[in-house]
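Reviewing the structure listed below.
Any value given below was found using the heavy atoms of this structure, including those in side chains, with hydrogens, waters and symmetry copies removed.
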Amino acid sequence: MKRVKLTVAYDGTAYSGWQLQPHARTIEGELNRCLCELLSEEIQVIGASRTDSGVHALCNVAVFDTETRIPAEKISYALNQRLPEDIRIQHSCEVSADFHPRRCDSRKTYEYRILNAAFPVPTRRLYAHFTYAPLDVERMREAAAVLVGEHDFKSFCSAASAVESTVRRILDIRIGKDGDEITIQICGTGFLYNMVRIITGTLMEVGRGVYPPERVGEILELRDRTAAGPTAPACGLTLIRYEFL
């Protein structure tokens with residue numbers, strides 16, 4: 001028996017998120033199905049990040065145990081021949097039997113893309129959220145600075161989430177603008193359900209002038225989801241980096 005680690009990239013548009021669900025197409029479900037076919041074993045992958053429906057990834061991580069004699073580094077090539085074209089394994093390797101991607105110290109970086117233009121662009125609709133309302137990036141940067149560090153992010157967590165603690169640590173937030181595209185990169189050691197999308201929706205409200213920048217600190221202290229801005233749509237969000245420490 002050996003444990004194999006996969007680095008997985010996918011376009012999440014057609015999927016109901018990462019996590020296995022009955023009667024729904026998911027990234028985890030496709031990986032399990034194709035691995036079972038390839039290896040002639042019952043395979044259940046363990047994912048590092050359970051991305052939501054419609055969210056994309058360049059580098060999510062999954063592990064599974066197998067009796068196969070296929071070298072771990074060759075599994076990526078064989079598996080890519082079976083997977084749908086919107087899921088691709090970027091790397092595969094053998095890891096220690098006790099390696100678990102959700103029990104290791106790590107940091108993840110998500111990127112949210114906003115198309116801030118007069119009109120939407122059809123070819124970008126699946127990978128950026130469109131808004132015609134002008135956004136003030138400097139105001140957004142000022143507001144975002146308050147969120148860096150360890151805080152109780154209950155205001156920025158979906159009310160449906162069931163977790164023991166809503167305290168999380170954000171290491172860095174960078175907001176850039178290139179032409180008509182604004183990118184928000186958020187790096188942290190862990191995230192709550194919908195946390196990045198709620199932070200993004202709130203920062204967009206600041207950019208529009210609905211909230212002053214200092215309002216974000218007040219929202220953080222209130223620990224109340226209803227105080228924060230809307231949840232930004234899933235299409236603009238991509239997991240771009242996953243680093244084990």
Side-chain angles (χ1 to χ4, degrees), residues 12 17 49-57 107-117 120 124-163 165-241:
S49 184
R50 297 170 179 172
T51 53
D52 298 339
S53 177
V55 174
H56 317 297
R107 61 186 178 198
K108 295 181 279 189
T109 302
Y110 283 94
E111 181 176 83
Y112 198 94
R113 294 187 176 190
I114 302 164
L115 175 59
N116 195 196
R124 295 162 72 181
R125 76 190 189 283
L126 302 179
Y127 311 106
H129 169 49
F130 166 75
T131 180
Y132 63 84
L135 298 178
D136 187 325
V137 170
E138 288 304 321
R139 286 169 56 90
M140 293 168 69
R141 287 173 179 150
E142 183 182 344
V146 178
L147 300 173
V148 176
E150 186 171 273
H151 305 286
D152 187 337
F153 284 95
K154 188 172 183 179
S155 292
F156 299 93
C157 174
S158 172
S161 179
V163 291
S165 172
T166 50
V167 174
R168 294 294 185 273
R169 185 182 177 203
I170 289 182
L171 302 172
D172 189 31
I173 302 181
R174 300 185 182 186
I175 303 176
K177 190 175 193 313
D178 184 6
D180 58 9
E181 186 168 88
I182 296 169
T183 58
I184 302 173
Q185 288 191 4
I186 304 180
C187 177
T189 56
F191 294 92
L192 299 163
Y193 183 50
N194 283 342
M195 179 173 160
V196 174
R197 291 165 58 192
I198 295 169
I199 288 174
T200 297
T202 304
L203 292 178
M204 288 178 67
E205 294 292 87
V206 172
R208 290 189 185 103
V210 176
Y211 303 150
E214 57 269 22
R215 173 63 179 161
V216 172
E218 296 170 3
I219 292 170
L220 196 62
E221 292 179 4
L222 285 170
R223 299 177 177 84
D224 180 358
R225 170 64 188 97
T226 63
T231 304
C235 63
L237 187 60
T238 303
L239 175 62
I240 63 169
R241 274 191 299 278

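Arg225 CZ to Ser155 OG: the interatomic distance, rounded to the nearest 0.5 Å, is 8.5 Å. If you take OG1 on Thr109 and CD1 on Ile173, they are separated by 11.5 Å, rounding to the nearest 0.5 Å. Of the inter-residue distances, the one linking Ile199 atom CD1 with Thr231 atom OG1 reads 11.0 Å to the nearest 0.5 angstrom. The OH atom of Tyr132 lies 11.5 Å from the CG atom of Asn116; values are rounded to the nearest 0.5 Å. Taking OG1 of Thr202 as the reference point, atom CE of Met140 lies at 10.5 Å (rounded to 0.5 Å). Distance check, rounded to the nearest 0.5 Å: CD1 of Ile198 to CG of Leu203 gives 12.0 Å.
There is no side-chain donor-acceptor pair under 3.5 Å between Thr200 and Tyr110. With no hydrogens or angles considered, a side-chain donor-acceptor pair links Thr166 and Asp152 at under 3.5 Å.
In this structure, Arg113 contributes its side chain and Tyr127 its backbone to no donor-acceptor pair below 3.5 Å. Under a 3.5 Å cut-off, the side chain of Thr238 and the backbone N or O of Ile240 do not form any donor-acceptor pair. With hydrogens and angles disregarded, no donor-acceptor distance shorter than 3.5 Å links the side chain of His129 to the backbone of Gly236.
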For residues 183-196, run the donor-acceptor check on the side chains, cut-off 3.5 Å, and write out each pair with its distance to 0.1 Å, sequence neighbours left out.
unit_1: Gln185; atom_1: NE2; unit_2: Glu111; atom_2: OE2; d: 2.7
unit_1: Asn194; atom_1: OD1; unit_2: Arg197; atom_2: NH1; d: 3.3

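The side-chain heavy atoms of Glu218 and Arg215, taken from C-beta on, include a pair separated by under 4.5 Å. Residues Lys108 and Leu239 form a side-chain contact, since some pair of their non-hydrogen atoms from C-beta on lies under 4.5 Å apart.
Ring geometry, His151 versus Phe153: the interplanar angle exceeds 60°, so the pair is classed perpendicular (tilted spans 30 to 60°).
Under the rule for a side-chain contact (heavy atoms from CB on, under 4.5 Å), the partners of Arg124 that lie at least two apart in sequence or sit in another chain are Leu115, Val121, Asp180, Glu181. Residues passing the side-chain contact (heavy atoms from CB on, under 4.5 Å) test with Arg208 are Thr131, Ala133, Leu135, Met204, Glu205, Val210, sequence neighbours excluded.
Within 6.0 Å of the NZ atom in Lys154, the count of heavy atoms belonging to other residues, nucleotides or ligands does not exceed 12.
Residues Arg141 and Glu138 are paired through a salt bridge, judged by an N-O separation under 4.0 Å between the basic side chain and the carboxylate.
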